[in-house]
Amino acid sequence: MELHKEFFKQDTVKVAKALLGKIIQYKGTAGMIVETEAYKGSPDMASHAAKRTPRSAIMFDTFGKFYIYFVYGNYFCLNITTEEYKPGAVLIRALQPLEGIKIMKKRRGTKDVHNLTSGPGKLCQALGITKKLNGTEVNDKIKIYEPDNKLMKKLNDINKKNSLSLKPLSPSKLSPKFKIVAAERIGIKKAKHLKWRFYIKGNEFVSKK
DNA sequence: TCTCAGATCGTCT
DNA sequence: GACGATCTGAGAT
C-alpha cells in the first residue's frame with residue numbers, strides 16, 4: 001500500500017524513523033529503506049533547512065515531495081520533504097536492493113550487491129534518480145509503500161541468494177556500528193562538527209564527537 | 001569571482 | 001580504516 005501524502009506532514013524525525021523498512025520503487029528498480037537521516041532547521045545550522053534559498057525553498061513550502069539535489073559534482077541525494085509549517089526533509093541514505101538488481105549493477109558498474117545502494121549517492125545512481133525528478137510528488141513517479149508478505153518473501157530470497165541478512169548495506173561513516181538506523185544531526189555550525197543522534201529499534205544513541 | 005559541499009572511489013597502511 | 005583527489009553547481013562576497 002502506498003504511503004499517503006499526509007504521512008509526511010508529521011515531525012521530521014518521526015518520518016525518518018517510520019520510513020525504515022518501507023519500499024522505494026522507481027522504473028523497475030526497488031529497495032527497502034534501511035538508513036534515513038532527518039534534516040530540520042535550527043539548531044542544525046549546516047542543514048539546507050536552516051536557510052531558505054531558491055534550492056532549499058521546497059523544504060520550507062511543501063511536504064510529501066522529493067527534494068533532489070546535486071552534490072560534489074557527481075552525485076544526487078534523495079530527500080522527501082516533511083512538516084507543513086516548518087522546513088524539513090528526510091534524506092534516504094541506504095537501501096537494500098529488491099528489484100531490478102541487474103539494472104542496478106549495470107548502472108553502478110559493479111557486480112557487488114553490497115555496493116549497489118549503500119549510500120545516498122549510490123542509491124540514486126542505482127535507481128536512475130536524477131535532479132529532473134526534483135519537486136515531484138511522492139508516488140507520482142517514485143513510489144513509496146509498505147511491503148506486503150509477498151515482497152518480504154522475495155526480499156528474504158534475495159538475502160539467501162546473496163548471503164545477506166536483513167540489515168542495511170551502508171558502510172556510512174554516520175553509522176559505523178549500528179544497522180538499520182534513523183539519524184538526526186544535533187550540532188549547530190558546520191557539518192563536520194555536528195553530533196549525531198541515532199535511533200535504533202526505539203533506542204537513542206548519541207555520537208561522541 | 002571564490003569557496004566548498006548532506007559523497008564516492010582508489011590507494012595506502 | 002584513513003586519507004586525498006575529484007567532479008559541478010549553489011550560495012556567499
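Every chain is numbered from 1, with letters handed out A, B, ... down the list of sequences. The structure presented is a predicted model; accordingly, all values stated were derived computationally and were not measured.
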Trainee: State, with a plain yes or no, whether a side-chain heavy atom of A:F7 is found less than 4.5 Å away from one of A:V138.
Mentor: no

Trainee: What heavy-atom pair brings A:F66 and A:I58 nearest, and what distance separates the two atoms?
Mentor: O-CD1, 3.7 Å

Trainee: Starting at the 5' end of DNA chain C, what dot-bracket string do you get if Watson-Crick and G-U pairs under 3.5 Å are bracketed, crossing pairs use [ ], other-strand pairs use | and unpaired bases use dots?
Mentor: ||||||.|||||.

Trainee: If Ile, Leu, Val, Met, Phe, Trp and Tyr residues are connected whenever their side-chain heavy atoms lie under 4.5 Å apart, and connections chain through other members, are A:I33 and A:Y67 in the same group?
Mentor: no

Trainee: Could you tell me how far apart A:N115 (CG) and B:dG10 (C1') are, to the nearest whole angstrom?
Mentor: 12 Å

Trainee: How about A:Y69 and A:N134: do any of their side-chain heavy atoms sit closer than 4.5 Å?
Mentor: no

Trainee: Quick one, A:L155 and A:I23 - any side-chain contact, counting heavy atoms below 4.5 Å?
Mentor: no

Trainee: Taking any heavy-atom pair under 4.0 Å as a contact, classify A:R52: base, sugar-phosphate, or nothing.
Mentor: nothing

Trainee: For A:R107 and B:dT8, give me the distance from atom CZ to atom P, rounded to whole Å.
Mentor: 17 Å

Trainee: Any side chain to side chain donor-acceptor pair (under 3.5 Å) pairs touching residues 12-21 of chain A, not counting sequence neighbours?
Mentor: A:T12-A:T82, A:T12-A:E83

Trainee: For nucleotides 7-13 of chain C, just jot down a letter per nucleotide in 5' to 3' order: B, S or -, based on protein non-hydrogen atoms under 4.0 Å.
Mentor: BBSSSS-

Trainee: Which heavy atom of A:E2 sits nearest to which heavy atom of A:Y145, and what is that distance?
Mentor: CA-CB, 3.6 Å

Trainee: Do A:L3 and A:L19 have side chains that approach each other closer than 4.5 Å (heavy atoms only, starting at C-beta)?
Mentor: yes

